[in-house]
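Shown next, in structure tokens, is the structure this report addresses.
Keep in mind that this is a model prediction, so the values were computed, not measured. Counting starts at 1 for both ligands and their atoms, in listed order.
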Amino acid sequence: MAVPGVGLLTRLHLYAQRRTRVQRPVLRLLSCPGTVAEDLRRDEQPSGSKETGFEDKIPKKRFSEMQNERREQAQRTVLIHCPEKISEKKFLKYLSQHGSINNHFFYESFGLYAVVEFCQKESVRSLQNETHAPSKGMEVAIPFRSRFFNLKLKNQTSERSRVQMSNQLPPSSKKLFEVLCDAENIDDQLNTLLKEFQLTEENTKLRYLTCSLIEDIAAAYFPDCIVRPFGSSVNTFGKLGCDLDMFLDLNETRSLSTHKTSGNFLMEFQVKNVPSERIATQKILSVIGECLDNFSPGCVGVQKILNARCPLVRFSHQASGLQCDLTTNNRIALTSSELLYIYGALDSRVRALVFTVRCWARAHSLTSSIPGAWITNFSLTMMVIFFLQRRSPPILPTLDSLQTLAELLLKEFFEYFGNFAFNKNSINIRQGREQNKPDSSPLYIQNPFETSLNISKNVNQSQLQKFVDLAQESTWILQQEHLDGPSISGNQPWGLVALLLPSGASRKSLGKKKSRKPANERIKVLLESIKSNRTENFTDTNGKRQISTQT
Ligand code: GTP
Ligand code: MG
């Protein structure tokens, strides 16, 4: 997929070139034909590289390579609702009748589920051929041979053992604050937070499997379609519990209609035509939405949001516990995901910083899972990237300063945007510089691929002001940590814990006159809540968890 005019990424490439320790994997990421990365590679051919042994920290796969592998894996995988108590050994033996199993895991989501990946696709077919339709009760089952099964025990009393569960949820705020308090310094806290929140291998598999199950449904109409995950599920910035953005890719179907000449003849499909691309998108999504609602086991709460700027079908996939958004004709979003994937792979600190800023924003309700005038995670990620582009100099630091760089980055990120001239300047990721705002939107972040659009157009002045106030206060908190050192005594919260404490009413009066009191107050509140074990997870209406502390 060639994206016009992405020579902007040259800067990024030059940056990567200077960083010998990541050079190899970056080049590999950049070598996929027909992608953003390929355009980047054409812009700037690198000179020789040197292996330094740090490469294993960087994802080695190209975006498209990773997507294709995961998709193929998912096609060999089935989802099984299991009885409460099951013998893992017997379960695997039973399924192995259909072929060797590559791997499997169990998880809980209103019931016990197993994800089983066979070595061969044929095993799935064999299992489907052996599977019965549910026995008739009062209701009539709609026949559909999916890869989502229900396993029943013939002898209820025979199984007693419990299987080991894979966790699909983010840590509770209590656990998070405890592990953060145990960290050695703020740098360590950033990495701990990343480790606790990032998508696990199992969760990623579950996301690709869910796309694959939806693809089975969509394939009834569009046999060559591909349902591709995009957004934070694949761009390496996803937190456990984030939504699953899916893109119904009909390009394969459409490319069938590209002209193949044979002799004097040209054969075309008979098709129905509609006046615009948008109407075509709405019609396709409308039909797929109906199918999901009526025929797809486990898809509930299907909403067709067809009049949005980017029409979509939203639903819950009950078995995986994922909130899903299905779009089509949205290839740019896939390109943006690839761009972020590349940025995330350039330096391990990028992801740690983005995760922390996202958690900080969520803890203070700067972001929300409900659409509105607030900043989105996508915009925040772009702001972090812009900030990293604007660092002077944007090159490897000396060895001595490496240790403290991550925490410095966080402090300086807040400082940078706490003082950014949002009233007159826009953020331009293509050129890595500020520009005069083309309109009066409070926050203007140019869409890197559709340059006349602002990705944060929804943000109003008061939400932006809240962001700036919090950024200024957070600078101050980290500044104090820097001066005083981490206040490690017992389980006393410090560093990120202080930053992630929800803002209280006292924040409003903080203004520019900063005193130590608000942070201390919030730390006290947290300490008390941890001690009295009152810290809770709050789960919002979309099943996403928020970091929040009951006070
Ligand atoms: P989460 O909050 O973890 O879901 O982050 P996300 O990056 O997945 O964000 P979201 O689900 O809101 O959007 C999914 C993807 O759509 C993003 O990663 C972007 O690629 C794209 N996207 C979201 N908002 C915009 C926007 O305003 N403009 C453009 N061009 N793309 C957007
Ligand atoms: Mg998302």
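Considering backbone and side-chain N/O atoms, Ile332 never comes within less than 3.5 Å of an N/O atom of ligand 1. Considering backbone and side-chain atoms alike, Glu450 places every N or O at 3.5 Å or more from each N or O of ligand 1.
Annotation: Phe420 is in aromatic contact with Phe417 [ring centroid separation under 6.0 Å]. In this structure, Phe197 has its ring center no closer than 6.0 Å to that of Phe355.
Among Pro229, Ser233, Ser232, Gly241, the residue whose heavy atom lies closest to atom 8 (O) of ligand 1 is Ser232. Evaluated by nearest non-hydrogen atom to atom 13 (O) of ligand 1, the leading choice among Asp325, Asp245, Thr335, Leu380 is Asp245.
Within the 4.0 Å heavy-atom criterion, the part of Arg358 lying near ligand 1 is the side chain and not the backbone. Contacts between Ile455 and ligand 1 below 4.0 angstrom, taking non-hydrogen atoms only, involve backbone and side chain alike. At a heavy-atom distance under 4.0 Å, no atom of Phe449 approaches ligand 1.
Residues Leu244 and Pro229 come closest through the heavy atom pair CD1-CB, 4.1 Å.
Applying the 4.0 Å criterion to heavy atoms of Ser336 picks out, from ligand 1, the atoms 20 (O). With ligand atoms numbered from 1 in the order given, ligand 1 contributes 3 (O) to contacts under 4.0 Å with heavy atoms of Cys242. Counting atoms of ligand 1 from 1 in the listed order, those under 4.0 Å from a heavy atom of Gly231 are 8 (O), 15 (C), 18 (O). Taking every non-hydrogen atom of Asn377 and a distance limit under 4.0 Å, the qualifying atoms of ligand 1 come out as 1 (P), 2 (O), 3 (O), 5 (O). Under a 4.0 Å criterion applied to the non-hydrogen atoms of Phe230, ligand 1 contributes the atoms 14 (C), 15 (C), 16 (O). Contact atoms of ligand 1 toward Asn447: 29 (C), 30 (N) (distance under 4.0 Å to a heavy atom of the residue).
Ring geometry, Phe148 versus His317: the interplanar angle falls from 30° to 60°, so the pair is classed tilted. Using the six-membered ring where Trp is involved, Tyr107 and Tyr113 have ring planes that are parallel, under 30° apart on the 30 and 60° scheme.
Put simply, the side chain of Tyr341 does not reach to within 4.5 Å of the side chain of Gln67, judged on heavy atoms. Considering only heavy atoms from C-beta on, Met246 comes within 4.5 Å of Thr210 through its side chain.
Atom OD1 is the N, O or S atom of Asp243 at the shortest distance from the Mg ion (ligand 2). The minimum distance between the Mg ion (ligand 2) and any N, O or S atom of Asp245 involves atom OD2.
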Worked check of side chain to side chain contact (heavy atoms under 4.5 Å, CB included) between Ser232 and Arg358: CA-CA 12 Å; Ser232 60; Arg358 282 185 173 203; 3.9 Å; yes
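Residue Thr376 places every heavy atom at 4.0 Å or more from ligand 1. Residue Gly238 places no heavy atom under 4.0 Å from ligand 1.
Side chains of Asn68 and Glu72: a donor-acceptor N/O pair is absent below 3.5 angstrom, by distance only.
The existence of a salt bridge linking Arg62 and Glu338 is excluded, since no basic side-chain nitrogen approaches an acidic carboxylate oxygen closer than 4.0 Å.
Tested against Ser212, the residues Arg147, Arg76, Arg71 include a single side-chain hydrogen bond (donor to acceptor under 3.5 Å, both in side chains) partner, Arg147.
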